[in-house]
Chemist: 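Structure below; questions to follow.
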Amino acid sequence: MRNVRISFACFSLILSVAGFSTAQITADPHIFDKFVNVNCEDEMARLDNYAIQLQNTPSSQAYIIVYGGRVGRRGEARARASRIKSYLVENRGIDANHVTKIDGGYRESLTIELWIIPRDVGPPASTPTLRPRDIRFKRGKIKRWEYRQCGLGY
């Protein structure tokens with residue numbers, strides 16, 4: 001038993017010296033980032049970090065869960081999720097088949113969760129905190145140009 005512990009310790013040491021960690025090998029399901037409605041520069045920085053992590057774990061699946069806020073327009077969460085996926089696919093080169101969008105329902109404010117999950121595990125559960133009848137929708141439809149920020153067209 002002692003030899004097994006020593007062998008595992010040596011293996012872990014070799015991996016850590018090589019720049020790997022056991023966490024990267026197991027690719028446990030986890031939320032990578034969670035944020036509320038932020039400006040586009042902050043969002044892009046977060047998405048760039050997310051894309052790097054996705055590229056470093058090729059056996060993982062990206063899940064984007066977007067929750068609409070208490071006050072907002074119909075379809076706002078879906079539009080935001082589409083914009084995020086487009087950015088990851090078109091600007092960061094992530095395979096579109098490895099990015100899944102989920103409309104999470106509603107929370108107090110517009111919230112985005114970025115998940116990294118092994119492909120064989122399945123999607124994370126959404127956790128809305130408000131019911132649709134508690135939401136006050138603004139008039140008007142989501143316009144495509146409203147989701148093209150910073151001149152990037154995503």
Chemist: Can you name the closest pair of heavy atoms from A62 and Y50 and give their distance?
Modeler: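 Smallest interatomic distance, heavy atoms only, reads CB-OH, 3.3 Å.
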Chemist: With heavy-atom distances below 4.5 Å as the criterion, would you say the side chains of L110 and E76 are in contact?
Modeler: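 L110 vs E76: side chains touch.
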Chemist: Please determine whether side-chain contact (heavy atoms from CB on, under 4.5 Å) holds for the pair I116 and Q53, giving the CA-CA distance in whole Å, both sets of side-chain angles, and the decisive distance to 0.1 Å.
Modeler: CA-CA 9 Å; I116 298 175; Q53 187 62 35; 3.3 Å; yes
Chemist: Between E108 and T129, do the side chains contain an N or O donor and an N or O acceptor separated by less than 3.5 Å?
Modeler: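 No, no side-chain donor-acceptor pair sits under 3.5 Å.
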Chemist: Would L114 and V38 show up in the same hydrophobic cluster when neighbours are defined by side-chain heavy atoms closer than 4.5 Å?
Modeler: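 Yes: a chain of side-chain contacts under 4.5 Å links L114 to V38.
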Chemist: Just so I know, are the side chains of R46 and F32 near enough to count as touching, which here means a heavy-atom distance under 4.5 Å?
Modeler: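 A side-chain contact under 4.5 Å is absent here.
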Chemist: Treating Ile, Leu, Val, Met, Phe, Trp and Tyr as nodes and any side-chain heavy-atom pair under 4.5 angstrom as an edge, say whether I65 and V36 lie in one connected cluster.
Modeler: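 Per the 4.5 Å side-chain linkage, I65 and V36 are not co-clustered.
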Chemist: Could you verify whether a donor N or O on one side chain and an acceptor N or O on the other, from K34 and T111, lie under 3.5 Å apart?
Modeler: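 Short answer, no.
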Chemist: So, do H98 and L54 sit near enough that their side-chain heavy atoms are less than 4.5 Å apart?
Modeler: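 They are not in contact (no side-chain heavy atoms under 4.5 Å apart), so the answer is no.
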Chemist: Taking C-beta and beyond as the side chain, do I64 and L88 meet within less than 4.5 Å on heavy atoms?
Modeler: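 I64 reaches L88 side chain to side chain.
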Chemist: Where the side chain of Y63 meets the backbone of E113, is there a donor-acceptor pair that is under 3.5 Å apart?
Modeler: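 Checked: no pair found.
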Chemist: Are any non-hydrogen side-chain atoms of R107 and T127 less than 4.5 angstrom apart?
Modeler: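 Yes; the side chains approach each other to less than 4.5 Å.
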Chemist: How many angstroms lie between NE2 in H30 and CH2 in W115, if you round to the nearest 0.5 Å?
Modeler: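 Going from NE2 on H30 over to CH2 on W115, the span is 9.5 Å.
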Chemist: Should K85 and I94 count as side-chain neighbours, where that means a heavy-atom distance under 4.5 Å?
Modeler: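 A side-chain contact is absent here, since even the closest heavy-atom pair is not under 4.5 Å.
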Chemist: Given salt bridge (Lys or Arg N to Asp or Glu O under 4.0 Å), test D134 with R70 step by step and report yes or no.
Modeler: CA-CA 7 Å; D134 298 329; R70 181 179 289 276; 5.5 Å; no
Chemist: Looking only at heavy atoms, what is the nearest atom pair of G105 and P128, with distance?
Modeler: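 Smallest interatomic distance, heavy atoms only, reads CA-CB, 4.3 Å.
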Chemist: How many angstroms lie between atom CG of L47 and atom CD1 of I52, to the nearest 0.5 angstrom?
Modeler: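 One gets 11.0 Å once the value is rounded to the nearest 0.5 Å.
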Chemist: Using only atom types and a distance under 3.5 Å, with no angle test, would you say the side chain of R119 pairs donor to acceptor with the backbone of P58?
Modeler: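 A pair under 3.5 Å: yes.
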Chemist: May I ask you to decide if V121's main-chain N or O and Q61's side chain share a donor-acceptor pair within less than 3.5 Å?
Modeler: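 Judged by distance alone, no pair lies under 3.5 Å.
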Chemist: Give the minimum heavy-atom separation between A96 and V89, together with the two atoms involved.
Modeler: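 Result for this residue pair: CA-CG2, 3.7 Å.
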Chemist: Between Y106 and V71, is there a donor-acceptor pair closer than 3.5 Å when you use the side chain of the first and the backbone of the second?
Modeler: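 No, because the side chain of Y106 does not come within donor-acceptor range (under 3.5 Å) of the backbone of V71.
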Chemist: Under 4.5 Å between side-chain heavy atoms, counting indirect links through other Ile/Leu/Val/Met/Phe/Trp/Tyr residues: same cluster for V99 and F35 or not?
Modeler: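 Per the 4.5 Å side-chain linkage, V99 and F35 are co-clustered.
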Chemist: Given E43 and I84, is the side-chain contact (heavy atoms from CB on, under 4.5 Å) satisfied, shown in steps?
Modeler: CA-CA 9 Å; E43 181 178 285; I84 290 170; 4.1 Å; yes
Chemist: Give a yes or no on whether R78 atom CZ has more than 12 heavy-atom contacts from other residues, nucleotides or ligands under 6.0 Å away.
Modeler: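 At most 12 heavy atoms, drawn from other residues, nucleotides or ligands, come within 6.0 Å of this atom.
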Chemist: Are side-chain heavy atoms of I102 and P123 found at a separation under 4.5 Å?
Modeler: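 A side-chain contact under 4.5 Å exists here.
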Chemist: Side chains of P124 and I117, heavy atoms from C-beta outward: is any pair under 4.5 Å?
Modeler: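 Yes, at least one pair of side-chain atoms sits under 4.5 Å.
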Chemist: From D33 CG over to I31 CD1, what is the distance, rounded to the nearest 0.5 angstrom?
Modeler: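 With rounding to 0.5 Å, CG (D33) is 7.5 Å from CD1 (I31).
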